[in-house]
Structure formats: C-alpha cells, structure tokens
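Treat the numbers as computed from the prediction; the structure is a model and nothing was measured.
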Amino acid sequence: MQRLGGMPPARLVLALCFWRLVPRREAAGTDEVVFGQVGGSILLLCRNVSKEATEVVWFQGDPQSFPPLFSSRVSFPPDVRFSLVDNSSLSISELRVQDEGNYTCREVLNKTDHEHRVQLLVANPPQAAPKCWAESSSSGLMLQLFCSWPGGYPHPTLHWREEGQDLENSSWVISSTSSSDTHVETLNSSHLAHQKVFTCVGSHVVKQEQPACTVEIKLPSLESEPPQTCFVGDNVTLTCRVTESTPAARLSWLRDISQPEEEIQPGGRFLISQEGNVSRLTIQNCSQATDGGCYVCKAQNPVGLRELFVCLTVKQPVNIVGVVGAVVVLFLLTVLTITGLVLYYNPLLCLRGAVFRNADLGDVLVLVDSEDDEEGKGSEEALGSCTEHEAMALVGGSRAQAAHLNHLTAGDNDELHSGVSAQDVREGRDTRLIASVPP
C-alpha cells in the first residue's frame with residue numbers, strides 16, 4: 001500500500017518526525033526579571049543573539065515605539081548612563097527609581113527578528129536590622145512571633161527558626177502569615193519552655209548578608225508591696241508588679257485559693273487598674289468581716305503561670321482623742337499623788353518654801369515679858385520652847401544668820417533675867433527684847 005505519490009507508510013512517518021526536528025526561523029520571546037539597586041549598575045543581557053544578526057536594538061517600554069533607546073547601528077543621543085556591551089547587552093549605571101520597567105532587545109536578521117524581554121526592578125534594601133517580638137494570642141493560650149523588616153523594596157523574605165530549623169516545617173506551628181514587611185508565626189503553647197530562643201532571618205534580593213534577630217520567651221516573675229493594713233470604713237490599694245515576662249503577661253486578682261477560677265471583677269467596692277506591668281486592686285469601705293485575709297495576684301502568658309499572695313489586715317479605728325485624754329488625766333493624778341505624799345511626810349516643806357520666797361524681807365524675833373512673875377515665867381518657858389524648835393530654822397535665807405539667832409536665844413534663864421532688872425519687874429513695866437537681823 002502506497003500513499004502520497006506512492007510513498008510507503010514507513011517512510012511517511014519518518015519524514016514527519018524529521019520535519020518536526022528542523023528549526024524554524026520565526027519571532028520568539030523570552031521573559032526575564034532582574035533586580036538593580038538604587039545608585040548601582042546593571043547589565044541587561046540580550047540572550048540568544050545570533051552571530052548572523054545585522055543589528056541589535058533596545059527599547060524601553062513598548063517595543064514598537066520610536067526612536068529606540070539604543071541601537072548597535074544607528075547612533076542616537078541616549079542618556080550617558082546607557083551603553084552597549086559586546087554590541088548586544090545594555091548597561092545602565094547610577095540606577096534610579098525611574099529606570100524601572102520593561103526592556104526589549106531585538107535582533108534583526110535577514111528574514112526574521114528575534115526579541116528578548118527583560119523586566120528591570122530597581123530595588124532598595126532595608127537600612128535597619130529586622131525587629132522581633134512576641135505576643136499572646138487573643139485567647140492568651142498561643143504564642144505569636146512577629147518579625148518586621150521595613151523600608152525595603154521589594155518586600156524582604158522573612159523566616160522564623162528554632163535551633164536552626166525552619167518553623168514552617170514544624171508540627172506545632174498553627175498558622176503562618178505575611179503582610180508587607182512583617183511575618184507572623186502562631187505556635188501551640190504545649191511545646192514552649194522558659195528561656196527558649198527563636199530566631200528570625202531576613203533576606204533581600206540585593207543584599208548578600210542575611211541579618212537576624214532573636215526572641216527569648218520567659219515565664220512571668222512577680223513582686224508586691226509589704227502586707228497592707230486598712231481601718232474599717234477606709235480605702236486600701238493592693239499592688240502587684242510584673243518584673244519579667246515574654247510575652248507580656250495577663251494580670252488578674254483572686255480572693256483566695258479556695259475558688260481559683262473566680263476572678264475579682266471591677267465594680268462595686270472593687271476597682272482594678274493596670275498601667276504597663278503594674279496592676280492595682282483598690283478596696284473601698286473596708287469591712288473587717290469580709291475583706292481581711294490574703295489575695296492572689298495571677299500572671300499568665302503562653303509560657304506558664306505564676307501566682308503571688310498579697311495579704312490585707314482590717315482593724316477597728318483608734319480613738320486618738322480618748323487616748324490623749326486618758327494620758328493627761330493619768331499624768332495629773334500622778335502629780336497630785338506625789339504632792340500629797342510629800343506634804344504628808346514633810347509638812348514644813350511649804351514653810352521652807354515661804355522662807356525662800358520672802359528671803360529679802362528679813363526675819364524679826366520678838367520676846368515679851370508679862371506684867372507679873374507668872375506671866376514672866378510663862379514667857380520664859382515659851383521663849384525656851386520656841387528657841388529649841390527654831391534653832392535650825394533658816395532666818396533671812398541663811399544658815400549663818402539662823403545660828404547667830406540661836407546663839408542669842410540659847411542662854412539659860414539666869415542670862416535671860418540678867419538682861420531685866422528686878423526694879424523693872426516690881427514696877428510692872430513690860431520689857432521687850434527685840435532681836436533684829438538685818439536683811
């Protein structure tokens with residue numbers, strides 16, 4: 001059986017295969033994306049250029065536009081930053097953002113043309129290093145790792161690693177999202193541990209180095225003020241402070257450990273405020289029956305939980321006025337008691353005090369003789385008795401003067417009578433012996 005002008009079937013199949021292997025001279029295009037850095041240089045290659053090409057022309061934008069950007073045959077007045085290398089590739093120096101776009105090289109052969117399209121992106125790498133931080137999810141049970149590296153174009157590529165392994169391939173990663181310059185990994189808290197370190201590595205198309213940042217997650221650590229005291233009817237504030245926690249811990253207050261799931265909710269007599277890592281519980285109108293005891297400050301993050309006891313003592317107010325009055329009364333009673341005892345055992349103390357107060361007035365001792373002998377004898381006896389009791393008295397405020405007076409009055413009865421004549425006695429005249437001590 002013969003076909004196609006008597007050609008056998010076997011030879012027909014062989015001819016078809018050979019026809020498919022013969023290269024065909026027709027227009028073709030190749031797309032390519034290259035990146036350049038602002039201020040740097042770039043070389044756009046015109047790939048697969050045939051040695052038989054008679055001309056190579058570069059266009060920016062539409063390849064049908066005229067005049068072209070550069071031509072190997074025709075001299076156009078291009079920008080001095082543009083030049084041809086090897087009579088085919090386009091070199092651009094001092095790159096600018098305006099140079100970004102599509103470029104097309106066309107080789108002109110005798111019968112067909114060949115085009116190669118290149119997309120140029122002028123990139124700008126980030127200037128600063130990446131930043132890392134950790135947060136708790138909205139439920140507080142999962143860890144979210146954030147990595148941000150802004151300021152670059154195009155956007156960088158960010159990867160989270162743990163002990164050198166990418167977290168994207170880990171089974172405990174719940175989700176992985178990227179938004180512009182930030183990459184977020186959400187992790188299950190069951191694999192977390194205190195002081196575990198995570199690393200974020202960034203890469204950019206025009207940077208050779210890969211900068212990184214790290215996050216070390218930590219359990220919460222708490223401290224509080226000393227135990228507080230509140231008087232009935234007053235207000236008191238209990239303070240709880242987080243000294244260390246990565247990510248930030250959620251703070252809450254419990255009445256005691258008997259009902260650990262029942263948190264104190266703000267309202268009524270309880271006010272709860274939080275500023276940064278400090279939480280304050282204010283109790284208004286303290287009650288000795290219900291508010292005394294220990295409270296629990298609870299701090300929790302995806303890494304773990306810590307609790308701290310803050311104790312409160314409620315007391316009855318003290319009557320300060322009554323205490324002061326009682327002290328004053330006690331003091332007065334003490335003074336009066338001591339004074340009474342002194343006067344009871346030493347009655348001359350007041351007399352001596354009067355002597356001191358009237359020391360500048362002088363003291364006078366007067367002896368009087370009566371008109372008859374009996375009265376004279378009585379006067380002598382009275383004088384002797386007075387002399388004996390007052391021998392030690394202070395006269396005029398001086399012991400020397402008292403001794404002098406005693407000397408004058410200490411004689412016997414004969415000496416006393418010697419100072420008075422018998423005639424004076426018979427005549428009944430009053431004889432007065434006056435002893436005067438000058439002041």
Side-chain angles (χ1 to χ4, degrees), residues 14-127 149 151-159 166 168 178 180-181 201-211:
L14 182 61
L16 291 174
C17 293
F18 179 79
W19 177 78
R20 290 181 175 274
L21 294 176
V22 175
R24 309 179 73 181
R25 307 290 296 276
E26 60 183 7
T30 302
D31 294 332
E32 183 180 2
V33 179
V34 295
F35 292 91
Q37 187 173 349
V38 174
S41 301
I42 193 69
L43 182 64
L44 305 182
L45 300 178
C46 188
R47 300 185 183 279
N48 300 325
V49 177
S50 175
K51 296 180 179 181
E52 301 176 359
T54 58
E55 182 182 6
V56 175
V57 182
W58 279 92
F59 298 89
Q60 183 179 12
D62 186 5
Q64 305 300 326
S65 61
F66 186 85
L69 180 65
F70 217 97
S71 174
S72 62
R73 178 178 293 184
V74 182
S75 297
F76 296 99
D79 193 328
V80 294
R81 299 182 299 113
F82 294 86
S83 62
L84 282 180
V85 177
D86 296 334
N87 207 33
S88 60
S89 298
L90 179 64
S91 175
I92 306 175
S93 61
E94 300 179 6
L95 280 173
R96 305 170 184 172
V97 178
Q98 296 84 347
D99 297 331
E100 185 176 272
N102 295 321
Y103 291 82
T104 303
C105 74
R106 178 184 297 167
E107 60 175 356
V108 179
L109 302 177
N110 293 331
K111 295 182 179 180
T112 60
D113 298 337
H114 174 75
E115 292 182 352
H116 178 70
R117 291 182 293 271
V118 180
Q119 183 181 8
L120 173 62
L121 299 176
V122 180
N124 188 19
Q127 300 301 318
W149 196 20
Y153 177 79
H155 298 309
T157 302
L158 302 171
H159 297 281
D166 287 342
E168 286 82 355
S178 295
S180 63
D181 301 324
V201 180
S203 60
H204 196 268
V205 291
V206 293
K207 289 183 72 71
Q208 296 181 353
E209 66 273 12
Q210 292 184 333

Under 3.5 Å, is there a donor-acceptor pair between the side chain of [X] and the main chain of [Y]?
| X | Y | result |
| --- | --- | --- |
| Gln127 | Pro125 | yes |
| Gln60 | Tyr103 | no |
| His159 | Ser203 | no |

Carboxylate-amine/guanidinium proximity below 4.0 Å for Arg81 and Glu94: no

Determine, for Glu32 against Arg47, whether the closest basic-nitrogen to carboxylate-oxygen distance falls under 4.0 angstrom. yes

Reported [atom1]-to-[atom2] distance for the pair [X] and [Y], which is rounded to 0.5 angstrom:
| X | Y | atom1 | atom2 | answer |
| --- | --- | --- | --- | --- |
| Phe35 | Leu120 | CZ | CG | 9.5 Å |
| Ser41 | Leu95 | OG | CG | 6.5 Å |
| Trp149 | Lys207 | CH2 | NZ | 5.5 Å |
| Leu44 | His116 | CG | NE2 | 8.5 Å |
| Arg106 | Arg117 | CZ | CZ | 10.5 Å |
| Cys46 | Asp86 | SG | CG | 11.5 Å |

List the atom of [X], the atom of [Y], and the distance in Å for their closest heavy-atom pair.
| X | Y | value |
| --- | --- | --- |
| Trp58 | Leu45 | CH2-O, 3.9 Å |
| Leu158 | Gly202 | CD2-CA, 3.7 Å |
| Gly61 | Thr104 | O-OG1, 4.3 Å |
| Gln119 | Asn102 | CG-OD1, 3.4 Å |
| His204 | Pro154 | NE2-O, 2.8 Å |

Crowding at CG, Asp166 (>12 non-hydrogen neighbours, <6.0 Å): yes

If you apply the rule side-chain contact (heavy atoms from CB on, under 4.5 Å), what do you find for Leu69 with Leu90, and how did you get there? CA-CA 10 Å; Leu69 180 65; Leu90 179 64; 3.8 Å; yes

Between Leu121 and Val34, does the side-chain contact (heavy atoms from CB on, under 4.5 Å) criterion hold? Intermediate values first, please. CA-CA 6 Å; Leu121 299 176; Val34 295; over 6 Å; no

Check the side chains of His155 and Asp181 for a donor-acceptor pair under 3.5 angstrom, ignoring hydrogens and angles. yes

Determine whether Val57 and Phe70 make a side-chain contact, defined as any pair of heavy atoms from C-beta on separated by less than 4.5 Å. no

Any side-chain heavy atom of Leu84 sitting closer than 4.5 Å to one from Val56? no

Ser178: side chain to side chain contact (heavy atoms under 4.5 Å, CB included) partners, not counting sequence neighbours: His183

